[in-house]
Amino acid sequence: MRWSNLFIPTLRDAPATAEAASHALLVKGGFIRQLHAGHYSLLPLGLRVHTKVANIVREEMDAMGAQEFLLPTMHPADVWKKSGRWDTMGEIMFRLTDRRDNELALGITHEEIFASVAGELSSYKELPQLWYHIQTKFRDEARPKSGLLRVREFAMKDSYSFDIDQNGLDAQFDAHAVAYARIFERLGLPAIPVEASSGAMGGNDSVEFMVPCAAGEDDVIVCPSCDYAGNVEKATSTLPLIEDEPTTTDPKKFPTPGVRTIAALTEIEGGAPADRQIKTMVMVIDDQVTLALVRGDHQLNLQKLTDATGAIDVRPATPEEAKASLGAMPGSLGAVGVTDIAIIADEALRGRTNMTTGANEDDWHLCGVNIGRDISVQEWADLREVAAGEACPECGSPLEMVRCVEAGHIFKLGTVYADAFDVAVADEKGQNQPVVMGSYGIGIGRNMATVAETHYDEDGLVWPVSVAPFEAVVTVLKLDEPTLAAAEAIYDGLRRKGVDVVLDDRDARAGIKFADAELIGIPYRVTVGPRSLADGEIELTNRATGETKKIATELLVDSLADTIDSQRRG
RNA sequence: CGGGAUGUGGCGCAGUUUGGCUAGCGCACCUGCUUUGGGAGCAGGGGGUCGGGAGUUCAAAUCUCCCCAUCCCGACCA
């Protein structure tokens with residue numbers, strides 16, 4: 001490749017609207033251009049990185065015996081209706097109709113489609129199977145953002161495992177965890193496997209691979225002492241025991257004029273500390289009003305509530321809805337004596353006595369509440385969000401909270417899709433058994449952006465060799481015959497050695513060539529100019545360290561090719 | 001969807017408050033000369049009708065109304 005023939009539109013200034021580092025650098029370096037919100041064109045440089053990321057994923061999938069497919073990305077509504085997700089997916093799914101008015105969808109994921117194909121499996125002898133493809137997904141995200149990190153159209157590797165039983169699934173799941181760890185290592189991403197909520201994918205067990213970085217959107221609880229880690233949507237912690245005074249009398253109403261918050265209730269005469277209060281939140285769960293109870297000093301986590309109730313849609317009630325349900329405005333709400341509304345309470349409230357909560361009458365609260373006696377809790381669940389500093393559930397050390405990008409997610413699906421699509425095989429006894437499925441996803445473009453997000457300095461990107469758009473650049477400083485001939489000899493030599501190298505033969509000043517090579521993050525730069533030719537030594541600059549060393553011309557090609565080869569697999 | 005902001009050549013911006021000459025600057029681009037190991041200098045040149053529509057006015061980038069798009073925060077999201 002000769003740079004003079006390439007389209008690499010680097011910019012002096014990144015667009016002002018690009019805020020995430022990866023977004024600004026990928027645009028500035030000429031890797032991507034935005035078409036509209038959430039849709040990006042990959043330019044030649046961007047496609048090179050994208051392809052390398054995809055190939056690393058592909059190699060690791062192939063290495064674990066997975067078979068590559070390519071399934072359509074436009075689907076008939078039928079398939080989605082079969083699993084029920086036509087209705088549950090809501091606005092995230094792009095929907096359209098064809099000329100005959102048939103309903104269609106653009107795939108947000110491919111469980112349904114792979115399950116359709118898997119209907120042809122008929123015997124346990126064919127299992128296990130592991131299938132994958134790298135295909136475009138469309139998701140009508142409410143808010144695309146941060147360049148390639150959250151988009152509406154993106155390539156994803158999704159794999160699907162099919163097993164005769166849970167043990168088989170567990171093995172495939174564990175194998176994926178290992179393969180994913182290897183993928184992230186090769187990408188240079190310090191991914192942390194964490195317990196996660198399965199959300200709309202269904203199934204029970206899931207692990208996310210999270211990469212700490214500022215542009216992330218997820219909060220992850222990690223233990224600095226042991227390997228415990230969990231998404232805040234799932235993580236738990238150990239709380240110190242609280243000794244309550246027993247209550248022998250009924251709850252007592254007391255006046256709390258103007259008190260509308262937990263904090264205010266701790267101040268007022270007759271009030272109580274936050275951990276002795278019950279916070280009553282009126283939620284609308286799939287159109288059903290429900291009370292969610294957590295301790296006064298705790299935060300309700302919406303995803304935990306969603307998971308606990310198996311709901312599709314959960315939202316806080318409006319103040320008007322709360323008033324209609326309980327007779328008071330938020331700030332004075334409570335669950336004592338409520339019997340006609342479902343009540344779900346956080347485990348941290350179990351067994352608590354002598355608590356304080358709203359009286360369902362503005363400006364009044366109740367004290368002396370014994371939860372077991374006074375509140376008809378229908379379901380206990382883990383609803384509260386863990387806060388940094390609480391004790392690790394495994395080792396007791398104070399937990400930390402880290403901002404992360406979700407780089408991959410693996411799910412144990414069970415038989416949800418097998419049941420919907422009648423994917424069953426005969427077992428040893430000739431009895432049909434539903435196939436146990438797992439699904440496993442890695443976003444290619446998001447991982448590319450995450451590598452950028454974690455590999456840059458003030459001069460631009462610093463790609464690892466494994467995904468760099470070029471592994472090396474031969475920068476020619478003078479376009480006269482001897483210099484160009486020397487540079488081309490090195491360039492040809494590196495190419496013959498299998499190095500992905502570009503020859504910067506542009507008629508431009510040295511400063512521009514150096515700055516561009518640094519901006520686009522090529523790991524190694526070979527600088528060929530009259531000065532070095534006269535010395536018989538060529539300069540080799542390492543992008544990551546900034547170090548330049550001189551190497552005898554005749555040794556350079558072999559030495560650099562070896563260096564790159566040793567780093568190529570990450 | 002709620003809140004905030006912004007739309008002026010490819011990129012970054014000024015001009016809008018207080019309507020008024022031919023819409024301006026830097027970068028990038030083209031030509032020439034000089035220069036040539038860290039984003040060159042000089043001279044010349046090309047490109048925008050100011051997000052879109054309607055309106056007010058002798059006159060609109062600038063004022064009014066409607067719409068659209070993009071970005072940020074939140075909600076939401078495998």
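Fair warning: this is a prediction, and the values are worked out from it, not measured in the lab.
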Atom CG of A:Leu540 and atom P of B:G37 are separated, to the nearest Å, by 21 Å

Quiz item: Between the base of B:G38 and the side chain of A:Glu518, is there a donor-acceptor distance below 3.5 Å?
Solution: yes

Notebook entry, point to check: Can you tell me how far C1' in B:U70 sits from the matching atom in B:G26, rounded to whole Å?
Noted result: 24 Å

- Task: For nucleotides B:G24 and B:A14, find the distance between their C1' atoms and express it as a whole number of Å.
- Result: 7 Å

Q | A:Val27 backbone acceptor or donor facing A:Arg33 side chain under 3.5 Å | A | yes

Atom CD of A:Glu458 and atom C1' of B:G39 are separated, to the nearest Å, by 16 Å

Contacts satisfying ring pair (Phe, Tyr, Trp, His ring centres under 6.0 Å) that involve residues 6-27 of chain A (not counting sequence neighbours) are A:His23-A:Tyr40

Between A:Leu11 and A:Leu519, whichever has its closest RNA chain B nucleotide further toward 5' is A:Leu11

(Q) Has A:Glu153 got a side-chain atom pairing as donor or acceptor with A:Phe138's backbone, closer than 3.5 angstrom? (A) no

Between A:Glu233 and A:Gly147, whichever has its closest RNA chain B nucleotide further toward 5' is A:Gly147

Distance col, row A:His75:NE2 vs A:Ile108:CD1, nearest 0.5 angstrom, shows 9.5 Å

Heavy-atom nearest pair, A:Ile490 first then A:Val557, reads O-CG2, 3.9 Å

In whole angstroms, the gap separating C1' of B:C77 from CZ of A:Phe154 amounts to 11 Å

Only one of A:Ser439, A:Ser83, A:Ser116 passes side chain to side chain donor-acceptor pair (under 3.5 Å) with A:Glu111, and that residue is A:Ser439

For A:Ala142, report the nucleic acid contact type (base, sugar-phosphate, nothing); a contact means any heavy atom under 4.0 Å. base

Quote, to the nearest angstrom, the C1' distance that separates B:A23 from B:G48.
9 Å

Whole-Å distance, A:Ile8 CD1 to B:C11 C1', equals 18 Å

Separation of B:G10 atom C1' from A:Asp13 atom CG, nearest Å, is 12 Å

Please produce a list of atom pairs where a protein N or O lies less than 3.5 Å from an N or O of nucleotides 67-71 of chain B.
from, atom 1, to, atom 2, distance (Å)
B:U70, OP1, A:Ala37, N, 3.0
B:C71, OP1, A:Gln34, NE2, 2.9

How far does the P atom of B:C29 sit from the matching atom of B:G39, given to the nearest Å?
15 Å

ask   = Should the pair A:Lys137 and A:Phe154 be classed as cation-pi, given the thresholds of under 6.0 Å to the six-membered ring centre and 45° from the axis?
value = no

Tabulate protein N/O versus nucleotide N/O from nucleotides 40-47 of chain B, keeping only pairs under 3.5 Å, one per line.
from, atom 1, to, atom 2, distance (Å)
B:A40, OP2, A:Arg509, NE, 2.7
B:A40, N9, A:Arg509, NH1, 3.3

Taken to the nearest whole Å, CD/A:Glu217 to P/B:G74 is 9 Å

Taking every heavy atom of A:Val405 against every heavy atom of A:Cys213, the minimum-distance pair comes out as CG2-SG, 3.5 Å

- Item | Distance between C1' atoms of B:A60 and B:C73 (Å, rounded) | 34 Å

Whether the side chain of A:Arg315 and the base of B:C76 hold a donor-acceptor pair under 3.5 Å is what I'd like checked.
no

Worksheet item: Should the ring pair A:Phe173 and A:Tyr440 be called parallel, tilted or perpendicular, given that the plane angle runs from 0 to 90° and is split at 30 and 60?
Response: tilted

Any base atoms under 4.0 Å from A:Asp516, or only sugar-phosphate, or nothing? Heavy atoms, all strands.
base

Rounded to whole Å, CD1 of A:Ile32 lies from P of B:C11 at a distance of 14 Å

A:Lys279 side chain to A:Leu293 main-chain N or O, any donor-acceptor pair under 3.5 Å? no

Q) What is the nucleic acid contact for A:Ala508, judged by heavy atoms within less than 4.0 Å: base, sugar-phosphate only, or nothing? A) nothing

Remember a base hit wins even if backbone is also touched, and classify A:Arg525 as base, sugar-phosphate or nothing at under 4.0 Å, heavy atoms.
base

To the nearest angstrom, the CG-C1' distance between A:Leu484 and B:U36 comes to 16 Å

So A:Glu406, base contact, sugar-phosphate only, or nothing? Heavy-atom distance under 4.0 Å. sugar-phosphate

